There are 2 protein chains.
Amino acid sequence: MTLKELAGLLGLSPTTVSRALGGYPEVSEETRRAVREAAAAHGYRPNRRAAALASGRAMAIGHVITTSETDELVNPVFADFLAGAGEVYAAAGYDMLMSVVPEDREDAAYAQMISARSVDGVILHGPRPGDPRVGLLQEAGLPFVVHGRAPETGSHDFVDVANTRAFRTATDHLLDLGHSRIALVNGPEAFDFASRRRRGWTEALEARHLAADLVRDGPMSEGNGYAFARQMLRDGATAFAVASHLMALGVRRAVQEAGLTLGDDVSVVMFDDELSYLRNDGDPPPFTAIRSSVRAAGRRCAEVLLARVAGPDGALIGEVWDCDLVLGASSGPSRNSSRRKTSA
Amino acid sequence: MTLKELAGLLGLSPTTVSRALGGYPEVSEETRRAVREAAAAHGYRPNRRAAALASGRAMAIGHVITTSETDELVNPVFADFLAGAGEVYAAAGYDMLMSVVPEDREDAAYAQMISARSVDGVILHGPRPGDPRVGLLQEAGLPFVVHGRAPETGSHDFVDVANTRAFRTATDHLLDLGHSRIALVNGPEAFDFASRRRRGWTEALEARHLAADLVRDGPMSEGNGYAFARQMLRDGATAFAVASHLMALGVRRAVQEAGLTLGDDVSVVMFDDELSYLRNDGDPPPFTAIRSSVRAAGRRCAEVLLARVAGPDGALIGEVWDCDLVLGASSGPSRNSSRRKTSA
DNA sequence: CTCCTTGTCCGAAACGCTTTGGATGGGCGA
DNA sequence: TCGCCCATCCAAAGCGTTTCGGACAAGGAG
């Protein structure tokens, strides 16, 4: 069933039918109703490919996700991010076009999306310093929003979480509990977000004239959480600021294996991406956490992008989202502090 | 830069240029080379929207993924599955169109994809008994492949893992180690794969005239793994067959909290979806596991679907993939068996 | 030398929609 | 009554490809 056929059935021109369905004003309400009914009755749905070609709008947003053998970090975040963005697209009638490529062909994937004109806009994940993709997109004039931040952010829209402040808060919380040997179990510091987290942790420690020396970073796996914590416990750590839920599970294992009790002998605060499959619920939740919703970030990125697609000349949007500290069972007053404070 | 412009530049007709680029035989090698060079020089890329409209092929495959608040199972599997499928699409020049919708609008999303003709084929996840989506797709004549199995499989292509056999193998392994109180920590049994896993576990136990009574099922979270195992340890379980890595982490925590040693006092075999961010490596790996690659499943589904898109009338493909048992540190000879065997 | 292939290439018609630029007729003010 | 405006509708021209049906010359068979 095509638009032309439907028009024939109704004794109208394709023009009028198209306008009636598209919500344009130059159609009488009566006609519009008749058209809508006929369309529903015959199960007519506009062919998006044709509409895209004629209108110049693809009604689709592109996402490039990379599959890397070594980097265990990206995947889990993507699922929830895409879920959030997808909700927004669906509500606005947009499709989501994904390009899944190995890391080394990422830039080519963006180039392809741009020149094939198969999307109206793009979301760019995890920008690197001096990212070539940004240049590509700006040259092509294709709207885009960056999820995360590169050092030179300023020429484009972006949405990010306040990583520095989050880890400042987490570390301050542990300091307030009386801890002084606070370790940082971090994600790979080549990533912007990880370096910001380290900065927050460092700031908090230095503000109290403590050394920021207990730190390890690497792919955010349970195994790394375990391995890092195990070593750091030997080095005298009594508290941990941890970059992800998965790593926190590893830290907990190390703590338990050492015969210590979480929230009593050792405190842990983790950054919680609130991945839906790794939820950290309960009352109190098992882990004290800095909560950030990747899903909400996905939603917000999509909203900003769609606004940019609708009106490319609006003011630049750069949002940095704060996160809340949610107290859980994994953090408590330092043992050392109560003992030593009296003796010191 | 359009095809027509490029043709003008070369002094050729659009027809010839299109054919030269498309690899059709009725173009001389000399012309073809000239066209290719000019296209590269001017950075020409065909407009996919126009090509799709003219050729009737969208060069895109649709995936519907659901975002459910309660179901914690689907998400993590999707990420890796999509990565696998995406590789295949990219290699074949196909795009991946995703529709992310709440569970209750899933069927509508399929209907939309079908009637908007924006894709050449669809992958259908986790079919339910008497799934309406199957009917929709068959009526519309849109090629599709099912990932997983519904009870009435037989009228369409599908790719699945041998869940029953996997858990039969896992349970047999534990039995061979001398365990007799073997618990099953399962995913929600409303899902086909979970009910098949239970069947495998049951078969193994009944073959040795043991009661298949130690079983709990629910969303595959770490918390559930912990809660289930904690209870089952009290009920006398000395070994566990576990439905996912995440649940296995929970089981391990329960075991450690009970002051027991994994692989010594208690044995665990888990089903490992090999999600890239939850990798289970090491030598020996920490967990004995039945290994199945979701990524490979994604790849295979995509291959089968593309074949079906190319030739809709080929023989039906139904593949059930076997999984290997990979020995790790979490399983070992039963203590009870060595003690009791001599006394019994 | 004619006729039929074969190898290359071209013109023009789709594909199904959007959109521009009228056309038509009724209602209004003067 | 005339002229103008507005509401409503339509015809036709694209959008950038693919593809069907030739056209034309060169070469081989008869």
Side-chain angles (χ1 to χ4, degrees), chain A residues 1-36 38-39 42-60 93-95 112-120 310, chain B residues 1-36 38-39 42-60 93-95 112-120 310:
Chain A
M1 163 106 330
T2 73
L3 188 116
K4 206 187 291 182
E5 287 170 6
L6 187 65
L9 244 52
L10 281 158
L12 290 169
S13 76
T15 309
T16 304
V17 176
S18 170
R19 285 181 168 152
L21 258 22
Y24 287 78
E26 55 270 84
V27 174
S28 72
E29 268 318 307
E30 193 185 0
T31 307
R32 190 186 305 278
R33 197 157 7 95
V35 170
R36 286 219 176 110
H42 296 79
Y44 167 77
R45 302 234 196 185
N47 180 321
R48 290 184 83 110
R49 304 204 286 255
L53 179 58
S55 69
R57 274 170 274 121
M59 295 303 284
Y94 275 74
D95 282 334
Q112 162 69 24
M113 275 200 174
I114 291 168
S115 53
R117 290 281 151 193
S118 41
V119 297
D120 298 319
Chain B
M1 164 104 330
T2 72
L3 187 108
K4 207 186 291 180
E5 287 169 7
L6 187 66
L9 243 54
L10 281 158
L12 290 169
S13 76
T15 307
T16 304
V17 176
S18 170
R19 285 183 169 149
L21 258 23
Y24 287 78
E26 55 268 88
V27 174
S28 71
E29 269 318 309
E30 192 186 359
T31 308
R32 190 189 304 280
R33 196 155 10 91
V35 170
R36 285 220 175 110
H42 295 80
Y44 166 78
R45 302 235 195 184
N47 180 322
R48 290 185 82 111
R49 304 205 285 256
L53 180 58
S55 69
R57 274 170 275 120
M59 294 305 282
Y94 275 74
D95 282 333
Q112 162 70 23
M113 275 200 173
I114 292 168
S115 53
R117 290 281 149 190
S118 40
V119 297
D120 298 321

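Fair warning: this is a prediction, and the values are worked out from it, not measured in the lab. Chain letters run A, B, ... following the sequence lines, proteins first, then strands; residues in each count from 1.
Close approach of DNA chain C to chain A, defined as any atom under 4.0 Å from a non-hydrogen atom of the protein, starts and stops at C:dG16 to C:dG21.
Atoms OG and CG, on A:Ser18 and A:Leu12 in that order, are 12.0 Å from each other to the nearest 0.5 Å. Atom-to-atom distance recorded for A:His42:NE2 and A:Leu9:CG is 4.5 Å, nearest 0.5 angstrom. Atom CG of residue B:Leu3 and atom CG of residue B:Leu21 lie 7.5 Å apart, to the nearest 0.5 angstrom. A distance of 6.5 Å separates CG of B:Asp95 from CE of A:Met113, quoted to the nearest 0.5 Å.
In this structure, the side chains of B:Glu29 and B:Arg32 come closer than 4.5 Å at one or more pairs of heavy atoms. Proximity of B:Asn47 to B:Thr2: side-chain heavy atoms (C-beta onward) are nowhere separated by under 4.5 Å. Considering only heavy atoms from C-beta on, B:Arg45 stays 4.5 Å or farther from A:Arg117 through its side chain.
At least one donor-acceptor pair under 3.5 Å links the side chain of B:Arg49 to the backbone N or O of A:Gly56. Side-chain atoms of A:Asp120 do not come within 3.5 Å of backbone N or O of A:Arg57 as any donor-acceptor pair. In terms of modelled atom types and a separation under 3.5 Å, the side chain of A:Arg19 and the main chain of A:Val27 share no donor-acceptor contact.
Remark: P of D:dA23 and CD of B:Glu26 are 17 Å apart, rounded to the nearest angstrom.
For DNA chain C, the neighbouring residues in residues 5-21 of chain A, judged by any heavy atom under 4.0 Å, are A:Thr15, A:Ser18, A:Arg19. DNA chain C is contacted by B:Leu53, B:Ala54 of residues 43-59 of chain B, taking any non-hydrogen atom closer than 4.0 Å.
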